[in-house]
Each structure stands twice: as structure tokens, then as C-alpha cells.
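Order of the sequence lines sets the chain letters (A, B, ...), proteins ahead of strands, with each chain counted from 1. None of the values given here were measured: they were computed from a predicted structure. The basis for the numbers below is simple: all heavy atoms, side chains too, and nothing from hydrogens, waters or symmetry mates.
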Amino acid sequence: MNVESIISSLYVFSLAAFLGYQVISKVPPLLHTPLMSATNAISAISVVGAIITAGSESTVSRLLGFIAVTSAMINVVGGFMITDRMLKMFKDKIGGGDSAKKDGSK
Amino acid sequence: MEYILNEVLIPLSYLLASILFIFGLKQLAHPQTARRGMNLAAAGMLVAIVGTLFHHDIISYDLIIIGLIVGSLIGAAMSIWMPMTAMPQRTALSHAFGALAASLVGVAEYWHALHSGQPIAAYKMTALGFEVLFGSLTVTGSLLAFAKLQELMRGTPVTYKGQNILNVSLFALAAFIFIYLVFDPGQTTLFFIMVGLSFLFGILLVLPIGAADMPVVMSLMNSYAGLAAAATGFAINNKVLIIAGTLDGFSGFILSILMCKAMNRSITNVLFGAFGSPVDDTAVVVQGEMKEIGAEDVAMQLAYARQVVFVPGYGLATAQAQHVVRELGEALEHRGVQVKYAIHPVAGRMPGHMNVLLAEANVPYSDLYELEQINPEMPATDVAVVIGANDVVNPDARDNPKSPIAGMPIIEVDKCHTVIVLKRGRGKGFSGLENPLFYKNNTRMLYGDAKASLTKLAQEVQHA
């Protein structure tokens, strides 16, 4: 790995950090639990590394990778599904009759 | 063709995934767009996974496919059958799984690099070190948090003499091994000692933290799990891991700061303060006595009030009383009473815990009010009903500079005309603190299980 790619990784990290700060500080307390479970599902992106590990040659790597793929997928599927279950429940007004919101979770 | 796939198409799929993650999180900031945002993020994950499946380093697919299927099935089952009240536990478990994946990838990567015959570069070792350090301590830390939340063990802090010294020296030792490994990555034994130490450190870190401080722990673990994923990205030079991991890392970090602010404490104080251990009572002497009231009288007061504010706490979750609260609220609204719900940021065991519970019970989120919004309305409120909340309404936080929770912003229910406190028994709350609110002249205590009490109140109000 050359120095250039290390530096570019650091750029990506710093920019993602700023972006994350900007985007996430706007999330209201109302949605903090869904936010946490969604970001948690997103952080299971290590599944990408796990897949490559599980498909490699050495038996040790394959086994470790297999466990990693499984637990990351628990996180991905479980995380997104439960976030959806939560978000479905958030309603502005019951029935949505009096409030003319353009796009509700109806 | 092979080149285009591996060097162009797969990286582009990761770029697309990153963009989807960012847009998804942005839309997650508004209740009306949140679901769409979450779907975008999920689509991003799908794109990244499908892209990876074409990677040229993959020789066999059997274990990958089994892992994908088994993991998805367990994940789906967990999310379908997990009750909403168990959301903090589920999230803690899920942090553990995510971190486990990251640290296993780290260990495998180290193993692979070691046996490839090439020396491991200092840069790569640094990334791997962070990955397994953050990863392993999050695994055990989250599992312990899960055990405390699930009440497999007592929620009170576990403290012993020399605890902080032990923790700090353990951490220093792990850090020292880490630095040594960067210069001499071939020391396999040391590597595994480091992994073991961070497993141990995760346990020791969460042991002294009381159940009431769980929102901070949850946020921190969320952050560490993300940082572990980001470190994985550095180690295997994959930008989508860096971006997604960093987003999660910062999300957790921001939440921890918000939670600490809501308790007027620093992160170090939460981590090393062992808050919630039994305090000696010498500091607080409370005057007066608690005045009990019956459900019929409470129902009368509620039925003829102009404005009622419900203040839920963790007790609402343990009693599973969210649906009955809504029933009572609706019965009151039918009579023309203005009903509002006041949510303290650290009420419950994770950020936003109460909001989710009330949403489950169909309470519209426009009826939920944050601390700053509701406090100015308190003097004009006839009745405040405190349901299983304690510290977040403790006036000592505002009035008594000597109180351990001094300076913590509270929901000022004591400024209402009447405060009704629903409480299981006469004991103290989780933090073991006396709550002078219970002894105030305008406070009445309604003892019993919150769900039973609220059911009775709802019936009485309908007949009033």
C-alpha cells in the first residue's frame, strides 16, 4: 500500500467525519432510537470485508469470515427491519385527517 | 473484462453505496422522510454486498452464502419478535454482533498477512490494531450492557477498590502492546494477548456503569462499533467501509455528547464515576411526608383539568404501560382536555426510547414535547402525571448544588398545580437518590403497578 492511498483514505475519513457531524446533529431526539439502529445496521458494512475473507483460501480465514458474515448480516437485516418497524409507527396525527402533510408514513 | 470489473465496477458500486448511505442518513432527520431514508441506506447496503460478491479474491462461495442466509434469517427473526420495550437490549446485542464481525475480519486479515510471507506494513498494523481493539471491547462491553438491560444481572454499578487504577493500567498495557506490534507485527502471541485484553477491558469498562447511565453507554458502543468498521476500511483499503464506519462512529459520538449534556455530566464522569451506586443519605434531608391518593380522586382531577402532561420514564417500559397511557390520554382528549407528553432526553435506557414506545402505542409525535418546549408551559398545567420516572423530575437537580445530579436539566413538574406520581412502591429510584418532589405539598402518590393504575384511571375518566 503506498503513501498516496493512505493519504486519500485519511481524506475520506475526515470528510466523512465532518459530513456525519453535519447530517446527524440535525436528527431530532424523537428519532434517536431509529437513528441508532439504522447507523448500526450501516456500520455492519464490515460484511464487505467479511465476504472476501470467507471466500478466501485458508481454512482459518474462511471460518473467521463465515462467523463474521453471519453476525454482520444479523446486524444488517435485523437493524434495517427493526428500524422500519419503528419508523412505521411514527405518526403525525392519528388518521392524518386534519394535518395535510404531503408525505406521511401512512 | 476482469480488470474493468475489479478496478472500476466494484469500486463504483461502493461509491454508489456511500452516496446512498449519506442521503439515507440525511432523510432520516425528519419523521416524514425517515422511512425513505432508511430504504435508501438499505439499498446502499445491498449494492455494496452484491458488488463485493464479484470480487476476484473470492475462490469459494459456499460459506459466504450460508453465512448470508443464516445471518439474514436470525436478523429477521430477531426484528420481528423483539418487543418494542426490549429495544435497548436488541440494540446492545446488535452492537456486539457488528463489532464481532469487524474484529474477526481484523484477526483474519492479520492471520492472512502473517502467512503471506510479506512483512506487515506499520500502517496496516496500525489500522488492524485499532480495528481489533475497538471491535473486541465493543463485543464484551455491549454483551455486558445487554445482560444489565435484560436484567440477567443487577443494573447497579459493580465497584471495587482500585477499579480505576486497574482499568487504566490494563488499557495502558493494551496500548503498549499495540505500539510494540506496529514496530514488530510478527509477534503473534502479543497480538492475541492484545485481543484478550480488549475483551477484558470492555467488561471492566461497563461493570461500574449503572443502568440509568445506559443511554450514554449505548451511544458510546454505537460509536466504537462504527470506528471499528472504519478501521477495517483502512486495513483493507476500502473507502465505503471508512465512510459508513465513520458516519456511525460520529453518530454515536454525537449521541453520547447529547446524553451527557442532558445529565450535565462529562463522559469521563459517566465512565469512571460509577454513578448510581448507593449514596449515603447525609447530603439530603427531606422534609415532610409522602401523601397518598386513590385512583378515583386522580381521575376526577384529570377529567376536569384543562391541560395534562404525562412524563414517562423507564418504569413505563418495564410495566409495558405505553398502550394504556394512550387510552387514558384519548379518554381525556374526548372530554376536551389538552394532553401532552414530556420526554426527557435520558428517560429510558437508550436515546429516544420513550418516543418509540409512545409511537408504538399510536401517540402522534406532534403530542410529544421536548424538555425545553414543555417547561415554560408547566405553570399553566393543571396536572402532571409522572409514570415511572424519577431523576428526570427531581427538583434537587435544580435547587440543591450538593446533589449528585446537580445541574441536570429536569422536567419541572413541581411547577404544575398538581403532580401525580405513579410509583411501584415507596423506595428510592434507580440512582438511590431521595426525590424531594415526592414530599412536596402539590404532589400526590399513586402506588401500584403503572399499567394497573393507568387502566383504572382510564376507566374512571370514561365514567366521570
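- Between B:F253 and B:F250, the ring-plane angle classifies as perpendicular under the 30° and 60° cut-offs.
- Ranked by heavy-atom pairs shorter than 4.5 Å toward chain A, the options B:G249, B:A102, B:G24, B:G67 are led by B:G67.
- At a 4.5 Å heavy-atom cutoff, the contact between A:I42 and chain B is made by backbone and side-chain atoms alike.
- A perpendicular orientation is assigned to the rings of B:Y123 and B:F234, their planes being inclined by more than 60° (bins at 30° and 60°).
- When each of A:S46, A:G20, A:S71, A:S43 is scored by its heavy-atom pairs under 4.5 Å with chain B, the top score falls to A:S71.
- Options B:T232, B:V70, B:L247, B:V356 differ in how many heavy-atom pairs under 4.5 Å they form with chain A, and the most are formed by B:V356.
- Interface summary for chain A: among B:K26, B:M78, B:M87, the most heavy-atom pairs under 4.5 angstrom belong to B:M87.
- Between B:M125 and B:Y110, the closest side-chain pair of non-hydrogen atoms falls below 4.5 Å.
- Comparing A:S56, A:A44, A:G49 by how many heavy-atom pairs each has under 4.5 Å with chain B, the most go to A:G49.
- In A:Y21, the OH atom is not crowded: 12 or fewer heavy atoms of neighbouring residues, nucleotides or ligands sit closer than 6.0 Å.
- Between chain B and the options A:V47, A:T33, A:I51, the largest number of non-hydrogen pairs under 4.5 Å is found for A:T33.
- In this structure, the ring of B:Y224 has its center less than 6.0 angstrom from the ring center of B:F134.
- Using a 4.5 Å cut-off on side-chain heavy atoms (C-beta onward), B:Y14 and B:K239 make no contact.
- A:L15 does not touch chain B: none of its heavy atoms, backbone or side chain, sits under 4.5 Å away.
- Residues B:Q373 and B:L368 approach most closely at OE1-O, 4.4 Å, considering heavy atoms.
- Looking at every heavy atom in both residues, A:D84 comes nearest to B:M38 through N-SD, 3.4 Å.
- By the 4.0 Å N-to-carboxylate-O rule, A:R62 lies too far from A:E57 to be salt-bridged with it.
- Of all the listed residues (B:A228, B:G98, B:S18), the one sharing the greatest number of non-hydrogen pairs under 4.5 Å with chain A is B:G98.
- Within the 4.5 angstrom heavy-atom criterion, atoms from both the backbone and the side chain of A:V48 approach chain B.
- Contact count versus chain B (heavy atoms, under 4.5 Å) is highest, among A:V77, A:I67, A:T39, A:T83, for A:T39.
- Residue with the most contacts toward chain B among A:T53, A:V12, A:I52, A:L30: A:L30 (heavy-atom pairs, distance under 4.5 Å).
- Contact of A:A41 with chain B is made through the backbone alone, with heavy-atom distances under 4.5 Å.
- Neither the backbone nor the side chain of B:I343 comes within less than 4.5 Å of any heavy atom of chain A.
- For the pair B:M84/A:R85, a side-chain contact is recorded, criterion being any heavy-atom separation below 4.5 Å from C-beta on.
- For the set A:V76, A:L31, A:V23, the count of heavy-atom pairs under 4.5 angstrom toward chain B peaks at A:L31.
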